[in-house]
Amino acid sequence: MGKKLVMAQKRGETRALCLGVAMVVCAVIAYYILGTTVLPRYLKSMWTQESTCHLIETHIRDQEELEGKQVPQYPCLWVNVSALGRWAVLYHTEDTWDQNQQCSYIPGSLDNYQTARANVEKVRDNFHEHQVFHCFSTMRKNETSVLYRRLYGPTTLLFSLFWPTFLLTGGLLIIAMVKVNQSLSILAAQK
């Protein structure tokens with residue numbers, strides 16, 4: 001009976017140690033992925049100061065030539081605002097600024113032109129209803145762009161790091177409990 005109990009404990013301890021180590025390895029892999037994807041975008045984001053924007057004008061750009069460049073064949077919204085006492089161009093997110101600096105808002109689905117146009121008009125009407133809103137600006141003096149919503153803000157970073165931290169902590173706790181259990185069973189066997 002005693003021998004079977006010791007073997008069952010060793011098998012269970014081995015499985016628990018494997019689970020703990022697997023959790024720690026998964027957490028390290030998740031930290032690596034987040035460190036190469038989310039963290040650089042968070043650090044690159046220059047729009048950190050929350051401020052209040054006042055709508056100046058909006059208009060929809062379709063297929064026109066801007067500054068010698070042809071705008072893509074989809075409707076986009078151009079929004080000018082006043083933020084921190086200066087004129088600025090409003091961009092929906094950091095990705096909008098990266099995709100096309102000639103557009104403040106690009107609809108999500110560009111497959112159907114009429115649906116995309118309706119989406120852009122809905123967003124424009126929303127801006128006309130709420131002419132004063134919160135936005136994110138930069139501390140740079142010569143920067144003339146602000147963001148409506150930050151994709152890579154501190155809350156996104158915290159939510160992204162929660163599960164890997166939970167995995168790491170849980171894995172380390174499992175490993176610690178198994179080691180404490182092993183040392184206590186050795187002490188009990190010596191008595």
Quick one: pull up [atom1] in [X] and [atom2] in [Y] and give me the separation to the nearest 0.5 Å.
X: N181; Y: E13; atom1: CG; atom2: CD; result: 5.5 Å
X: I174; Y: L19; atom1: CD1; atom2: CG; result: 4.0 Å
X: Y152; Y: T93; atom1: OH; atom2: OG1; result: 7.5 Å
X: I175; Y: C18; atom1: CD1; atom2: SG; result: 10.0 Å
X: L172; Y: L167; atom1: CG; atom2: CG; result: 10.5 Å
X: E57; Y: W87; atom1: CD; atom2: CH2; result: 8.5 Å

Are the side chain of [X] and the backbone N or O of [Y] linked by a donor-acceptor pair below 3.5 Å?
X: E94; Y: L151; result: yes
X: S145; Y: V89; result: no
X: S82; Y: H54; result: no
X: R124; Y: H59; result: no

Connected via hydrophobic side-chain network under 4.5 Å: [X] and [Y]:
X: I60; Y: F127; answer: yes
X: I56; Y: F136; answer: yes
X: V38; Y: I33; answer: yes
X: I29; Y: L161; answer: yes
X: L147; Y: L77; answer: no

Handout entry: CA sep, side-chain torsions, deciding dist, call: T58, H128, side-chain contact (heavy atoms from CB on, under 4.5 Å)
Key = CA-CA 8 Å; T58 63; H128 285 287; 2.7 Å; yes
Practice task
Take H134 and S51 through the side-chain hydrogen bond (donor to acceptor under 3.5 Å, both in side chains) test and state the conclusion after the steps.
Solution key: CA-CA 6 Å; H134 292 288; S51 56; over 6 Å; no
[X] versus [Y]: any side-chain heavy-atom pair under 4.5 Å?
X: L168; Y: M23; value: no
X: V146; Y: C53; value: yes
X: L17; Y: Q182; value: yes
X: Y105; Y: L90; value: no
X: Y32; Y: T36; value: yes
X: V132; Y: L55; value: no
X: Y42; Y: L34; value: no
X: R41; Y: T37; value: no

Angle class for the [X]/[Y] ring planes (parallel below 30°, perpendicular above 60°, tilted otherwise)?
X: F162; Y: F166; answer: parallel
X: Y91; Y: W78; answer: perpendicular
X: Y148; Y: F133; answer: perpendicular

Fill in the blank from the handout: Looking only at heavy atoms, the pair that brings A116 and P107 closest together is CB-CG, 3.8 Å
Problem - Smallest separation among heavy atoms of V178 and A16, with atom names - result: CG2-CB, 3.4 Å
Handout entry: Residues Y31 and T165: side-chain donor-acceptor under 3.5 angstrom
Key = yes
Problem - Flag for S104-H92: side-chain donor and acceptor within less than 3.5 Å - result: no
Handout entry: H130 atom NE2: more than 12 heavy-atom contacts under 6.0 Å
Key = yes
Problem - Carboxylate-amine/guanidinium contact D98 K44, below 4.0 Å - result: yes
Problem - Salt-bridge contact D95-R149 (side-chain N to carboxylate O under 4.0 Å) - result: no
